[in-house]
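So you know, we letter chains A, B, ... as the sequences are listed, proteins then strands, and number each from 1.
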Number of protein chains: 4
Amino acid sequence: MVKAKIGRPRSEKSQEAIINATHDLLNEKRGAGLTIEAIARRAKVGKPTIYRWWPSLADIVLEVVLRQADTSITVSSFESLRETLRQFLRQSMKAIVDWGGVHLRFLLAHAQKDEEFRERFREKFVAKRRTVLNSIFLQAMQRGQIDSEQNLELVADIVFGAMWYRLLIGHASLDESFADELTEVIIRLVQAGPA
Amino acid sequence: MVKAKIGRPRSEKSQEAIINATHDLLNEKRGAGLTIEAIARRAKVGKPTIYRWWPSLADIVLEVVLRQADTSITVSSFESLRETLRQFLRQSMKAIVDWGGVHLRFLLAHAQKDEEFRERFREKFVAKRRTVLNSIFLQAMQRGQIDSEQNLELVADIVFGAMWYRLLIGHASLDESFADELTEVIIRLVQAGPA
Amino acid sequence: MVKAKIGRPRSEKSQEAIINATHDLLNEKRGAGLTIEAIARRAKVGKPTIYRWWPSLADIVLEVVLRQADTSITVSSFESLRETLRQFLRQSMKAIVDWGGVHLRFLLAHAQKDEEFRERFREKFVAKRRTVLNSIFLQAMQRGQIDSEQNLELVADIVFGAMWYRLLIGHASLDESFADELTEVIIRLVQAGPA
Amino acid sequence: MVKAKIGRPRSEKSQEAIINATHDLLNEKRGAGLTIEAIARRAKVGKPTIYRWWPSLADIVLEVVLRQADTSITVSSFESLRETLRQFLRQSMKAIVDWGGVHLRFLLAHAQKDEEFRERFREKFVAKRRTVLNSIFLQAMQRGQIDSEQNLELVADIVFGAMWYRLLIGHASLDESFADELTEVIIRLVQAGPA
DNA sequence: AACTAAACGAGACGGTACGTCCAGTCTTTAA
DNA sequence: TTAAAGACTGGACGTACCGTCTCGTTTAGTT
């Protein structure tokens with residue numbers, strides 16, 4: 001049964017304004033100055049309107065990221081494991097550097113203070129990224145390019161861990177050479193052990 | 001020339017009280033409720049006294065962590081690379097789980113919002129941990145257990161990245177089996193490639 | 001065009017609580033201990049609520065005084081200048097002694113430190129009191145009891161100056177005999193010069 | 001019994017520096033920014049040195065005023081009451097306008113918050129000024145220019161009240177015409193009543 | 001000439017209040 | 001009858017001063 005639609009309808013315009021304001025504020029001062037109040041001011045919207053649709057500030061940012069990520073993830077046709085992996089890593093890092101570094105760091109920071117958001121973040125973002133990597137591994141496995149006894153969960157921890165670590169600590173950049181080196185490491189790990 | 005020491009000297013008692021209050025508050029509600037005001041109240045100290053000696057809340061937590069870390073880091077006598085590495089990882093993870101997880105997550109979160117603190121965090125904590133790992137690798141290299149062509153910086157990113165990633169995302173635990181599996185992976189990476 | 005009234009309206013209850021708390025605190029310790037924080041605590045109100053509606057502590061006190069003054073000023077029917085003036089002065093001094101001495105001294109003190117408040121104080125309080133006195137003089141003038149060449153502004157300075165001076169310096173009391181003596185002096189001043 | 005004078009004697013240089021710093025700070029921003037800390041900074045003096053010799057900030061200002069007043073009060077040879085009074089009032093107002101308005105307003109304001117200082121202020125400053133006026137009246141009385149039945153205390157309240165009132169409220173200036181008008185009023189009051 | 005004690009500068013201390021920002025809730029009007 | 005908007009309570013922020021304290025450092029007068 002369809003729920004009767006009564007009352008004033010949700011304003012799509014407001015939602016867009018909120019998302020855009022959030023994105024803009026994030027880019028303006030590296031994430032400083034991103035508060036619910038600032039978003040409300042910028043989007044010319046009342047604070048309760050924001051609270052009605054998102055449980056926390058981080059969830060708005062998460063939606064901003066997901067909207068972008070959905071359009072930017074492109075899994076090319078599988079050639080070799082090495083090539084596909086390299087593309088995946090290069091693409092991921094480029095996206096972070098060009099667009100989403102501030103967003104991701106903001107999300108990660110808030111996930112540390114809000115247990116419930118951390119779970120949502122895990123489900124909606126982290127898990128999806130791991131799924132993409134996993135699908136690459138699965139394809140490689142079907143082609144026999146991976147030793148099936150490997151612990152692919154651990155490998156995923158290593159891949160994403162290294163990227164997040166560099167992003168969060170900031171001691172080194174997420175450039176192509178890092179993507180390539182990481183690719184080689186992973187290749188070595190998933191291939192059959194010392195014969 | 002040594003700066004003349006004039007004026008009332010710094011109160012050691014207050015500093016201890018601040019450090020202890022910070023540690024207690026972190027453990028009490030998983031880091032929620034850790035504010036400068038709360039520390040001042042708990043430590044029976046004026047807020048300016050805190051601001052006089054630490055530039056931010058995160059720096060107090062950093063000092064708490066460093067004081068503990070200094071006493072807990074023990075590099076045992078080097079037996080084999082595998083054994084030493086395993087001990088190092090098990091010890092690190094145990095310390096995180098038993099004692100410092102909340103602290104580290106708090107530090108990492110604040111490092112995302114405060115660029116200057118991030119640098120201090122890198123220098124005073126991250127770099128030190130990397131140095132310990134590096135000294136292990138150096139000893140192994142002197143014994144010829146490591147292929148000297150390996151990119152040890154990348155390996156360090158992988159080791160610490162994987163640990164931080166699990167801590168921050170919280171999808172899996174930092175237990176002994178993870179330490180052991182990670183050890184095996186690292187061993188494989190630093191040993192000579194497929195001849 | 002009338003500004004659209006949307007949003008939660010100003011809480012009358014809060015305003016009352018703030019006014020009452022201010023009044024009580026003034027009476028409790030002769031004005032010491034009257035701070036914005038104390039008012040907020042006593043009135044169970046957030047500090048920003050206070051700052052939203054009053055630019056300074058002194059302005060709250062001014063409103064307290066004005067609310068009281070509006071109800072206490074009673075200009076009786078004009079009999080003779082002497083009688084009306086005596087009533088006015090006795091009434092004014094009684095109000096100061098019984099009720100508003102602390103308030104007025106507080107207002108005067110703050111007016112010395114805040115130029116903008118001094119202006120508001122002048123307009124909202126001082127000017128009104130002078131207007132009352134002036135209306136008395138005007139009525140007397142219509143009855144020919146005052147030499148029209150007198151400088152009534154100067155006379156007003158003398159009347160209010162003498163009262164304020166005694167209140168602020170505290171060397172003598174504002175009692176009925178002072179009111180009566182001052183009345184006689186003023187009568188002599190405003191009547192025709194040496195015949 | 002005389003207390004034995006041992007130990008380092010009071011530093012005259014510091015006292016001068018404190019007095020000068022106070023005077024300068026009062027003139028710089030109309031009294032705003034005059035704090036014990038600021039004086040200590042400016043005079044290159046420790047705060048305890050200030051507290052050792054003066055019980056409050058206002059007492060320092062009082063000393064500044066007294067030092068100046070002692071050198072500026074000049075009672076000219078008595079000619080007529082009118083002339084002497086006019087000189088006294090003009091001189092007083094000129095001193096206030098040119099030099100001490102900020103000081104006096106500061107003193108008066110603090111006297112409202114500190115009962116004990118108010119007493120000191122009354123004794124050391126107010127009483128002295130009244131004494132000067134009184135000596136003028138006494139001389140006039142000896143010459144028979146004043147009706148001996150007049151209440152000279154009330155007249156003094158009127159004279160000083162009118163001046164303070166204009167200074168504190170700021171609705172009109174303390175210029176020569178005010179001095180002259182006030183002189184005429186006082187003359188009329190102290191002379192014999194309507195025969 | 002060495003000793004003694006008070007006053008000195010410097011500045012850290014525990015506190016209080018400041019005025020601001022933001023969080024999250026409540027209450028009214030608009031659609 | 002729900003959405004929107006603004007005022008609300010409340011907590012923490014970082015700063016300025018307060019008045020007190022504890023130092024090491026002069027600077028006389030006393031031995």
Side-chain angles (χ1 to χ4, degrees), chain A residues 4-11 13-15 33-41 43-53 55-57, chain B residues 4-11 13-15 17 33-41 43-53 55-57, chain C residues 4-11 13-15 17 33-41 43-53 55-57, chain D residues 3-11 13-15 17 33-41 43-53 55-57:
Chain A
K5 279 198 179 182
I6 45 182
R8 181 170 172 176
R10 176 175 175 179
S11 158
K13 218 177 75 182
S14 291
Q15 314 310 311
L34 180 65
T35 63
I36 300 260
E37 293 239 335
I39 295 172
R41 269 197 300 274
K44 305 223 177 227
V45 145
K47 276 198 288 178
T49 304
I50 298 177
Y51 282 107
R52 212 187 320 272
W53 301 108
S56 83
L57 177 55
Chain B
K5 278 197 178 181
I6 48 181
R8 180 173 174 174
R10 178 175 177 178
S11 158
K13 216 178 77 182
S14 292
Q15 314 311 312
L34 181 66
T35 63
I36 301 260
E37 295 235 320
I39 294 172
R41 269 196 300 272
K44 305 229 175 219
V45 144
K47 270 198 291 177
T49 301
I50 298 178
Y51 284 107
R52 226 189 311 274
W53 300 108
S56 82
L57 180 52
Chain C
K5 276 197 181 183
I6 48 180
R8 180 173 174 175
R10 178 175 177 177
S11 159
K13 216 177 77 183
S14 292
Q15 314 311 312
L34 180 66
T35 64
I36 300 260
E37 294 236 336
I39 294 173
R41 268 196 301 273
K44 303 223 177 227
V45 146
K47 272 198 289 178
T49 300
I50 298 178
Y51 283 106
R52 225 190 311 275
W53 301 108
S56 82
L57 178 53
Chain D
K3 188 187 169 189
K5 277 198 180 182
I6 45 180
R8 179 173 177 175
R10 177 174 175 178
S11 159
K13 219 178 74 183
S14 291
Q15 314 311 312
L34 180 66
T35 64
I36 299 263
E37 294 237 337
I39 294 172
R41 269 196 301 271
K44 304 227 176 222
V45 144
K47 274 197 289 177
T49 301
I50 298 177
Y51 284 106
R52 220 188 316 274
W53 302 109
S56 83
L57 178 53

| said: Counting only side-chain heavy atoms from C-beta out, which of E:dG19, E:dA17, E:dC13 sits nearest to B:Ser11? | reply: E:dC13

| request: Using the closest heavy atom to pick a nucleotide of DNA chain E for each, name whichever of B:Ser14 or C:Pro55 lands nearer the 5' end. | output: B:Ser14

| Considering only F:dT22, E:dG14, F:dC21, which nucleotide approaches the side chain of D:Pro48 most closely? | F:dC21

| Which listed nucleotide (E:dG19, E:dG9, E:dG11) is nearest to the side chain of C:Ile36? | E:dG19

| query | Looking at the side chain of D:Thr49, which of F:dA4, E:dG9, E:dC18 is the nearest nucleotide? | reply | E:dG9

| Taking atom OG1 of C:Thr35 and atom CZ of C:Arg41, what is their separation to the nearest 0.5 Å? | 6.0 Å

| Within this structure, what is the CD1-to-C1' distance between A:Ile50 and F:dA4, rounded to whole angstrom? | 12 Å

| note | Quick note, A:Glu37 side chain, CB onward, closest among F:dT20, E:dC18, E:dA23 is E:dA23

| Between P of E:dC21 and CG of A:Leu34, the distance in whole Å | 17 Å

| request: Note down the inter-axis angle between the two ends of the helix from E:dA1-F:dT31 to E:dA31-F:dT1, five pairs each, to the nearest 10°. | output: 10°

| message | Tell me the closest heavy-atom pair linking A:Ala40 and A:Gly46, and the distance in Å. | response | CB-C, 4.5 Å

| note | Among F:dC21, E:dA23, F:dG19, the one nearest any side-chain atom of D:Tyr51 is F:dG19

| query | Could one point to a donor on the side chain of A:Arg52 or the base of F:dA4 with an acceptor on the other under 3.5 Å away? | reply | yes

| field | Nucleotide nearest C:Trp53 when distance is taken to its side chain, options F:dA7, E:dC13, F:dT9 | value | F:dA7

| remark: Heavy-atom closest pair (D:Leu34 atom, D:Leu57 atom, distance to 0.1 Å) is O-CD2, 3.4 Å

| request: Round to a whole Å and report the spacing from NZ of D:Lys44 to P of F:dT25. | output: 19 Å

| Approximate separation, where rounding is to 0.5 Å, of A:Glu37 CD and A:Ile39 CD1 | 10.5 Å

| query | Atom CZ of C:Arg8 and atom P of E:dA30: how far apart are they, to the nearest Å? | reply | 18 Å

| message | Rounded at 0.5 Å granularity, tell me how far CH2 in B:Trp53 sits from CZ in B:Arg10. | response | 4.5 Å

| said: Rounding to an integer number of Å, can you tell me how far A:Leu57 CG sits from E:dG24 P? | reply: 9 Å

| Rounded distance in Å - CD1 (B:Ile39) to P (F:dG11) | 18 Å

| said: Is D:Gln15 close enough to E:dA7 that one of its side-chain N or O atoms is under 4.0 Å from OP1 or OP2 there? | reply: no

| query | Do you know which two heavy atoms are closest between A:Ala38 and A:Gly33, and how far apart they sit? | reply | CB-O, 3.5 Å

| field | First encountered from the 5' end of DNA chain F, between D:Thr35 and C:Lys47 | value | C:Lys47

| Can you check the A:Arg41 CZ to F:dG6 C1' distance for me, whole Å? | 13 Å

